[in-house]
Amino acid sequence: MRDMRDHITSTDRVNYCAVIALAALSFMVLRKWISGGVCKSRVRLDGKTVVVTGANTGIGRETARDMACRARVVMACRDLTRAENAAEHIRRSTGNGNVVIRHLNLASLYSVQEFAKEFIATEERLDILINNAGVMMCPKWTTEDGFETQLAVNHLGHFLLTNLLLGMLKKSSPSRVVTVSSIAHVGGKIEVDDLFFDKRPYSPLVSYKQSKLANVLFSRELARRMKGTGVSSYCLHPGVIRTELSRHIESWYPMLKTLLSLPCMLLMKTPWQGAQTSIYCAVTEGLEKKSGCYFSDCAEKDPAPEGKDDAVARSLWEESARLVGLNDRR
């Protein structure tokens, strides 16, 4: 009987170890799948200049750090204290002292105009503009210009910034504009006559989806308008990432943050992983023929049907130009 008990115990131990090993292997496979693609390009960008908005945290910081291994980097940030801390870390970790910070508040048209004015006056070129900064599912806040915050920061600020810097991008061509969107654009809708939810009930999610769809349509229309100029345009979904972007949701449901902290740690991308597609679109050689396309996990993907509506893209461009006071000559 004792031999039988020892045999059963031994068998149980083997089965237990097998289950643990299988679970560990499954977790590793899952993590690899979640992490997505990795930009493998090691191309140097010596003598070139890259601007990254929202570069002091999250995927923006990781994107700026990678760019600093290749080029001169301008970190365009709202919080200059945090930006300088991030910049100093990037300078030390990459050995590139040519990393500078400049103030940019995308919720303010004046701030965007001042940033562009100073940049044009002091910089010689602009090779890559990475429109990375954003907010997600915040309450219905209104900017100093009277715009709903999510559309203002995620779309209108970057729309104005890009247009004000187009002259430098053309002069520095071949150049690129990379706009960080989201899979949340799926199911989004552009209400051109009610972009700021003045006529319909405000929903943080509906607003966010509209702003992310606006990113996709802006990138597509920019590619059409820039055809033949040497300026390419790309947009992307970075993945679901552990960053500060979800802070508004967590503030509404603090218990949710506690409950989901472990699953989020296990199942979401790290900021480094989330930055890979931005980096891929910024530096991959031979990508010019893909201008106007949408990417995810370092590969071209098909956007939602609403992200391919050229008529809506043109209407959004025209309304955006009117809202930000842009003299659209094209």
Side-chain angles (χ1 to χ4, degrees), residues 35-106 115-116 118-134 158 161-162 165 168-169 171-180 231-236 238-239 241-245 269-285 287 295 298:
S35 68
V38 174
C39 179
K40 298 179 180 178
S41 173
R42 294 293 178 264
V43 65
R44 296 287 306 176
L45 301 172
D46 298 305
K48 298 184 182 297
T49 297
V50 181
V51 170
V52 184
T53 68
N56 63 286
T57 188
I59 65 174
R61 176 169 170 160
E62 290 296 333
T63 301
R65 192 183 69 80
D66 182 278
M67 293 297 107
C69 295
R70 311 169 191 262
R72 168 179 168 78
V73 175
V74 176
M75 300 170 61
C77 304
R78 181 173 57 87
D79 187 328
L80 291 181
T81 300
R82 296 182 68 189
E84 181 53 43
N85 291 337
E88 185 55 32
H89 172 78
I90 290 171
R91 294 181 195 115
R92 288 198 309 268
S93 62
T94 63
N96 182 2
N98 209 355
V99 176
V100 300
I101 61 169
R102 290 197 172 162
H103 182 258
L104 174 65
N105 178 7
L106 288 160
F115 174 91
E118 180 185 2
F119 188 90
I120 292 168
T122 58
E123 298 287 339
E124 296 181 357
R125 60 186 303 120
L126 173 57
D127 301 274
I128 302 170
L129 170 61
I130 302 179
N131 293 322
N132 165 82
H158 283 130
L161 177 67
T162 303
L165 296 178
M168 291 199 74
L169 286 161
K171 186 176 70 173
S172 307
S173 66
S175 56
R176 299 183 181 186
V177 178
V178 178
T179 301
V180 178
V231 181
S232 302
S233 172
Y234 314 95
C235 68
L236 63 104
I241 306 158
R242 301 195 300 269
T243 69
E244 298 177 355
L245 199 59
K269 287 184 178 182
T270 64
W272 181 86
Q273 292 165 341
Q276 293 305 302
T277 305
S278 296
I279 298 165
Y280 175 88
C281 291
V283 304
T284 300
E285 297 171 290
L287 210 61
F295 294 80
C298 298

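Counting begins at 1 with the first residue of the sequence. Below, each value reflects all heavy atoms present in this structure, side chains not excepted, and no hydrogens, waters or symmetry copies.
When all heavy atoms of Gly274 and Ile59 are compared, the closest pair comes out as C-CG2, 3.8 Å. When every heavy atom of Leu236 is checked against every heavy atom of Pro238, the shortest pair comes out as CD1-N, 3.7 Å. Across all non-hydrogen atoms, the minimal contact from Ala68 to Asn96 is O-ND2, 2.9 Å. Of all the heavy atoms in Ala55 and Ala86, the pair that sits closest is O-CB, 4.4 Å. In this structure, Thr81 and Asp79 approach most closely via the heavy-atom pair N-OD1, 3.1 Å. Between Asn56 and Arg61, the closest heavy-atom pair is O-CD, 3.7 Å.
The backbone N or O of Gly37 sits nowhere less than 3.5 Å from a side-chain atom of Tyr280 that would complete a donor-acceptor pair. A distance-only check finds no donor-acceptor pair linking the side chain of Arg65 to the backbone of Ala87 [under 3.5 Å]. Listed for the Ser93 side chain is a donor-acceptor partner under 3.5 Å among the backbone atoms of Ile90. Formation of a donor-acceptor pair under 3.5 Å by the Arg70 side chain with backbone atoms of Val43 is found in this model.
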For this session: Walk me through it: do Ile120 and Met168 pass the test side chain to side chain contact (heavy atoms under 4.5 Å, CB included)?
Result: CA-CA 7 Å; Ile120 292 168; Met168 291 199 74; 3.8 Å; yes
Problem set entry | Stepwise side chain to side chain contact (heavy atoms under 4.5 Å, CB included) check, Val51 with Phe115 | CA-CA 11 Å; Val51 170; Phe115 174 91; 4.2 Å; yes
For this session: Output, in order, the C-alpha distance, side-chain angles, deciding distance and verdict of side chain to side chain contact (heavy atoms under 4.5 Å, CB included) for Leu287 and Arg176.
Result: CA-CA 10 Å; Leu287 210 61; Arg176 299 183 181 186; 3.8 Å; yes
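Legend: residues meeting side chain to side chain donor-acceptor pair (under 3.5 Å) with Thr179, ordered by chain and number and at least two apart, are Asn131. By the salt bridge (charged side-chain N to carboxylate O under 4.0 Å, His left out) test, Arg42 is found to be paired with no residue, residues two or more places apart in sequence or in another chain being considered. In this view, Asp127 and Arg125 satisfy the side chain to side chain donor-acceptor pair (under 3.5 Å) rule, not counting sequence neighbours.
To the nearest 0.5 angstrom, Glu62 atom CD is 11.5 Å from Ser278 atom OG. Between atom OG of residue Ser41 and atom CD of residue Glu285 there is a gap of 5.5 Å, rounded to the nearest 0.5 Å. In this structure, CG on Leu106 lies 6.5 Å from CG on Leu161, to the nearest 0.5 angstrom. One finds the CZ atom of Arg82 at 5.0 Å from the OG1 atom of Thr57 (value rounded to the nearest 0.5 Å).
Here Glu124 does not pair with Arg72 in a salt bridge; the nearest charged N to carboxylate O distance is not below 4.0 Å.
The one candidate from Thr53, Val52, Val99 that meets the side chain to side chain contact (heavy atoms under 4.5 Å, CB included) condition with Met75 is Val99. In summary, of the residues considered (Asp66, Thr277, Ile279), a side chain to side chain contact (heavy atoms under 4.5 Å, CB included) with Cys39 occurs for Ile279 alone.
Counting heavy atoms from C-beta on, the side chains of Ser175 and Leu126 never come closer than 4.5 Å. Residues Val180 and Thr63 fail the side-chain proximity criterion, which asks for heavy atoms closer than 4.5 Å. Between Thr122 and Arg102 the shortest side-chain heavy-atom distance falls below 4.5 Å.
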